[in-house]
Amino acid sequence: MFSSAYVWAKVLNYMEEKLGSVTVSAWFDDAEVVELNEEQLILYSPNEFRREIILRRCSEYVHCALQEIFESEAKLIVFGDEELAAHRAGGVHKSTMDFNPQFNFDNFVVGPSNRFAHGAAIAVTNQPGQTYNPLFIYGPPGVGKTHLLYAIANGIRKNQPNANIVYIKGDQFTNELIAAIQSGKNIEFRNKYREADLFLIDDIQFIAGKESTQEEFFHTFNKLYEEHKQIVMTSDRKPGDMLTLEDRLRTRFEWGLQASIAAPDYETRMAIIKNKANSLGLALPDDVCNYIAVNVTNNVRQIEGTVKKIMAYRDLNNMPLDLDNVAQAIDDMFKNEGNALPTPSLIISQVCKFYSVDESALRGTQRNKGIVEARQMAAYLIRKLTNLSLPDIGKEFNKDHATIMHSIKKVENALAAGDDALANTSRDIIANINSCL
């Protein structure tokens, strides 16, 4: 699930690659997103000539971009003043994207590992802004945190159709803030989040260590909290374990209720397997369900992916769903915990997320302070977390091994000298990397 601003930015970037930034700016400069979901994108443009150009010359590129994002055929509609007025008069609320109705409380499998968080999410849905505010849900990837976020959104949307629900991921919040600063649209950015009735932010850990982002989020949080607007956050760790998070934010995250979700136990995994199989029209024998539950233990996402893979094997190979066939089909999905090492690409991507720099810049020759620090940290972490040699690490950055050694020593010396801020940064990034394994 992405915010409409994020998706629209992706669409514009796609068109700029195809048509050029000047052309896109000329036709879309005053275009405004009215509604965006998996079925349609409604734009408003006050100029009739521009509306005609958008539909005639640009609709194909918009369709292609939306197809890449949603993997579905979302149609483009362009409103003028009259259509926009009629649309809003019909009671349709201008909001961020609708949430997939499949993510609700009815199909969330409850077990000992998630019962507390599930109950807290229902309480927030029934009384938003009045109890457990903020609600902070934390746990490893793939255990259902985002499912609960969407379930809260769908529940509140059902109870309050006109509620202004805003959803964003932590790293997207940073990217939107940077874009707003660059384009001089700080006020629009702030209004979008500070006028929310329900503010959902996924993977909040990614704002830690980013000074401007934390400053902006601090004021957004305060305004929403003071107006009794509901705030729900998810993270892969509790606030106290976000070492580079500002103390003033950490204490605010702890004001409400912290609810953890752990990996599901055997009984919950069995229920998830049967629930997912039923939703896909699969009749899995008990011995097959047991085999999956015993061998796939990491998270709900991996369990659901396993069931989907079984369905694909059945459809493609026309095989009966007995234990031998299923074991052969999903054998490659099993891995021994603790043996997985992060790839250099994963490390670099997480370092770039933390420092808010482009991977191309990190791997390039730019020498400004922020990129150099990020590049040194990436080299240090690849050396620390993988088995790569110095020359192999150098290939990731197009540098010789002496340069890489210098970068690694730079970080090691700072850590040895007691640089607590750098140590906390290193630990936070490693936590982000481990959450992806």
Where [X] and [Y] come nearest, the two heavy atoms and their spacing:
X    : Y    : value
S45  : V78  : CB-CG1, 4.3 Å
I207 : Q214 : O-CG, 3.3 Å
I404 : G394 : CG1-CA, 3.5 Å
I137 : A117 : CG2-CB, 4.4 Å

>> Looking at R194 and E216, is there a salt bridge between them, counting it only when a charged N and a carboxylate O are closer than 4.0 Å?
In response: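 Salt bridge: yes.
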Do any N or O atoms from the side chain of [X] and from the backbone of [Y] form a donor-acceptor pair under 3.5 angstrom?
X    : Y    : value
R375 : A361 : yes
N114 : G111 : yes
R269 : I303 : no
K410 : E373 : no
N368 : G370 : yes

> Run the side-chain contact (heavy atoms from CB on, under 4.5 Å) check on F354 and F206 step by step: do they pass?
Replying inline: CA-CA 6 Å; F354 190 92; F206 285 116; over 6 Å; no
> Would you say the side-chain atoms of D392 and H401 include a donor-acceptor pair closer than 3.5 Å?
Replying inline: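 No, H401 and D392 have no side-chain donor paired with an acceptor closer than 3.5 Å.
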> Is the NZ atom of K223 crowded by more than 12 outside heavy atoms at less than 6.0 Å?
Replying inline: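 Result for NZ/K223: enclosed.
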>> Out of the candidates F103, F199, Y150, only one should pair with Y167 under the ring-ring contact (aromatic ring centres under 6.0 Å, His included) rule; please name it.
In response: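 The residue from F103, F199, Y150 that satisfies ring-ring contact (aromatic ring centres under 6.0 Å, His included) with Y167 turns out to be Y150.
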> Between Y225 and R252, is there a cation-pi geometry (under 6.0 Å to ring centre, at most 45° from the normal)?
Replying inline: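 Judged by the rule (NZ or CZ under 6.0 Å from the ring centre, within 45° of its axis), R252 is not positioned above Y225.
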